[in-house]
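Take a look at the structure below.
Throughout, protein chains are lettered first and strands after them, A, B, ... in sequence-line order, and every chain is numbered starting at 1. Since we're looking at a predicted model, the values are computed, not measured.
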Amino acid sequence: MTENMANMENKEALTAANFVHAAINEDLLNNRFGPRVHTRFPPEPNGYLHIGHAKSICLNFGTALLYNGLCNLRFDDTNPSKEEIEFINSIQEDVHWLGFDWDDRMFFASDYFEAMYQFAVELIQNGDAYVCQLSADEMRQYRGTPTEPGKSPYRDRSIEESLAMFTAMREGKYEDGACTLRAKIDMGSPNFNMRDPVLYRIQRSEHHRTGNDWCIYPMYDFAHPISDALEGITHSICTLEFEIHRPLYDWVLDHISVDCHPRQIEFARLNLTGTVMSKRRLRRLVEEGYVNGWDDPRMPTICGLRRRGYTAAAIRDFCERIGVAKSNSTVDYSMLEHCIRDDLNNTAYRVMAVLDPIKVVITNYPQGKTEMLPADNNPQCPEQGKRLLPFSREIFIEAEDFMEEPPKKYYRLTPNGEVRLKHAYIIQCNEVVKDEKGNIIQLNCTYDPTTKSGEDTSGKKVKGTIHWVEAASAVPAEVRLYDNLFTVDNPEDVTEGVDFTDNLNLESLKIIGRALVEPSLAMAMAWERVQFMRHGYFMTDPDSTPEKLIFNRIVSLKDSWAKMQQTEK
RNA sequence: UGGGGUGUAGCCAAGCGGUAAGGCAACGGUCUCUGAAAUCGUCAUUCGAUGGUUCGAACCCAUCCACCCCAGCCA
């Protein structure tokens with residue numbers, strides 16, 4: 001007995017997390033494909049992968065993992081006019097980065113062009129396909145309406161003639177578009193996909209793999225079921241818009257000589273609030289310069305999320321949490337944010353960075369003295385150890401952590417008020433220094449030596465603790481704050497006359513040129529993720545160097561104070 | 001309009017004739033040397049609507065309504 005069948009005896013294995021797994025369980029129980037589960041992720045190499053693809057990748061590869069099965073990577077490259085090698089590489093990189101692997105099972109639909117051709121010949125020989133000479137325009141006219149059947153004057157062409165013409169098509173005897181091979185199914189079907197769908201078209205464009213070997217290329221509806229069958233796929237998981245193609249998928253496999261007939265199962269694609277997912281619109285964002293390329297940290301592409309600082313684990317967790325179902329839905333972006341916060345909360349070092357510095361002089365602290373204060377790298381995780389932070393007479397704090405006229409419940413520094421400096425001492429503000437225009441340029445404070453972190457003997461309790469950096473050792477850095485690309489939840493839903501770019505968030509990127517970070521970050525390497533305490537999670541951009549540190553904000557920390565302030569307004 | 005789908009909380013989503021899981025968000029409390037995290041609690045008398053079957057319906061039946069998809073020689 002195989003492992004899967006043994007699992008099926010186990011009642012728990014029967015509890016499916018989603019309807020796809022329920023269908024697989026049913027097939028396993030009925031021995032529909034024996035004990036095997038074999039899926040595939042079949043992108044067309046014509047663009048970069050995005051978070052919606054991640055859902056499909058997690059479903060397909062995750063399902064294979066769950067059932068001890070296999071998942072292939074297959075490029076659906078049946079339309080050479082749209083596809084490029086660049087995308088074949090980026091797709092592999094992204095799938096690997098997400099944590100999945102296809103071993104030696106990377107395939108191309110184009111691997112099967114010869115086999116597909118032979119299957120097409122078989123269809124013609126059986127009277128199930130014919131060569132049609134309707135032009136594209138004519139075919140549209142002849143298609144019929146929902147209630148009236150379509151027609152083609154060529155559908156009764158003899159088998160011999162179709163065979164000869166199909167051979168001639170392959171040999172390049174016809175101009176592009178002069179004729180097509182069509183399945184002979186049902187011109188009266190209410191499902192237009194069954195009204196003698198085109199199987200092959202003539203298209204002279206160089207294919208990235210087969211070069212100029214072919215001038216005829218199979219259509220998706222013909223190529224996909226055959227590719228699945230030849231690879232021994234058991235469950236062909238795709239998105240909802242292909243549901244109406246399923247009868248054709250099944251028809252193809254029922255009319256050619258293959259012994260594998262995978263089950264196609266459709267699920268709803270992912271939509272996320274505040275962003276767009278369609279290839280066309282993502283391309284416009286890049287090409288019209290609204291973002292800086294496909295991997296701009298604001299893009300919902302896998303490479304964009306990666307550069308933003310998202311982890312693969314967080315994206316996988318997200319895909320797990322949103323579930324798999326058949327209803328069109330738009331997941332709230334906060335779900336994704338929760339996943340990355342949750343991951344980084346456990347792993348990221350807590351460090352201090354001041355984004356909008358204001359100088360604080362601790363007037364009673366000895367001139368020239370510097371002490372090294374121990375700081376937990378991650379209080380969630382003591383085994384991550386401690387580091388030493390320099391502290392001396394002059395430091396910088398966040399400008400918003402001081403207010404001359406504080407609102408109620410303001411726990412930070414105020415004139416004559418006290419706050420704790422994280423990992424250091426409690427200080428009191430004694431004097432506010434302003435320039436001639438009245439701008440605050442410095443705060444003069446005193447510290448209480450008995451309040452040192454870890455050895456506080458004062459018994460003092462203060463409401464607020466703020467972060468800071470020591471003036472002499474602080475390292476300048478550029479910090480890039482990212483926000484949603486759009487100001488509306490569903491930017492793809494636009495009323496007529498409105499372009500989706502009209503809803504672009506003009507403040508989706510804020511660059512802070514003169515932030516100061518603690519000295520432990522001076523040698524930060526690219527791709528390092530940290531928490532800037534009280535700010536959020538950040539990652540050093542791949543372009544960051546010790547000479548010029550650049551931090552991308554992955555996600556802010558939740559901020560109930562800010563929220564409170566907002567609701568008061 | 002013909003066909004294929006889908007409607008469960010602000011957003012996802014379980015549920016499969018026995019009396020509405022879970023997560024995100026939100027809102028309160030506790031704790032806190034991160035206004036974070038953690039933690040405790042609140043959040044659908046009702047499942048698109050209306051009828052019907054049943055002792056009993058989100059689940060079965062009927063009718064209606066809303067939304068999505070198909071009518072490319074794209075995938």
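- Ion pairing between D317(A) and R321(A) holds under the 4.0 Å rule for side-chain N and carboxylate O.
- Contact annotation for H467(A): no contact, since no heavy-atom pair falls under 4.0 Å across all strands.
- Both E241(A) and S560(A) sit near RNA chain B, but only S560(A) has its closest nucleotide nearer the 5' end.
- Contact check, K558(A) against rA26(B): a side-chain N or O comes under 4.0 Å of OP1 or OP2.
- Checked by atom type, the side-chain pair S334(A)/E337(A) shows no donor-acceptor distance below 3.5 Å.
- Ionic pairing of D376(A) and R350(A) is not present here: no N-O contact between side-chain nitrogen and carboxylate oxygen is shorter than 4.0 angstrom.
- Residue R321(A) places no side-chain atom within donor-acceptor reach of the base of rG22(B), judged by atom type and a 3.5 Å distance cut-off alone.
- Taking only side-chain atoms of N193(A), from C-beta outward, the nucleotide of rG35(B), rG5(B), rC70(B) with the closest atom is rC70(B).
- Only the P atoms considered, rA38(B) is 46 Å distant from rG56(B), to the nearest whole Å.
- Separation of the C1' atoms belonging to rC65(B) and rU50(B) is 10 Å when rounded to the nearest angstrom.
- At the heavy-atom level, R534(A) lies under 4.0 Å from base atoms of the strands shown.
- Ring geometry, F113(A) versus H207(A): the interplanar angle exceeds 60°, so the pair is classed perpendicular (tilted spans 30 to 60°).
- As judged by a 4.0 angstrom heavy-atom cut-off over every strand, S189(A) is placed among residues making no nucleic acid contact.
- Between the base of rA36(B) and the side chain of H535(A) there is no donor-acceptor pair shorter than 3.5 Å.
- If you check rG5(B), rC12(B), rG72(B) against the side chain of E243(A), the one that comes closest is rG5(B).
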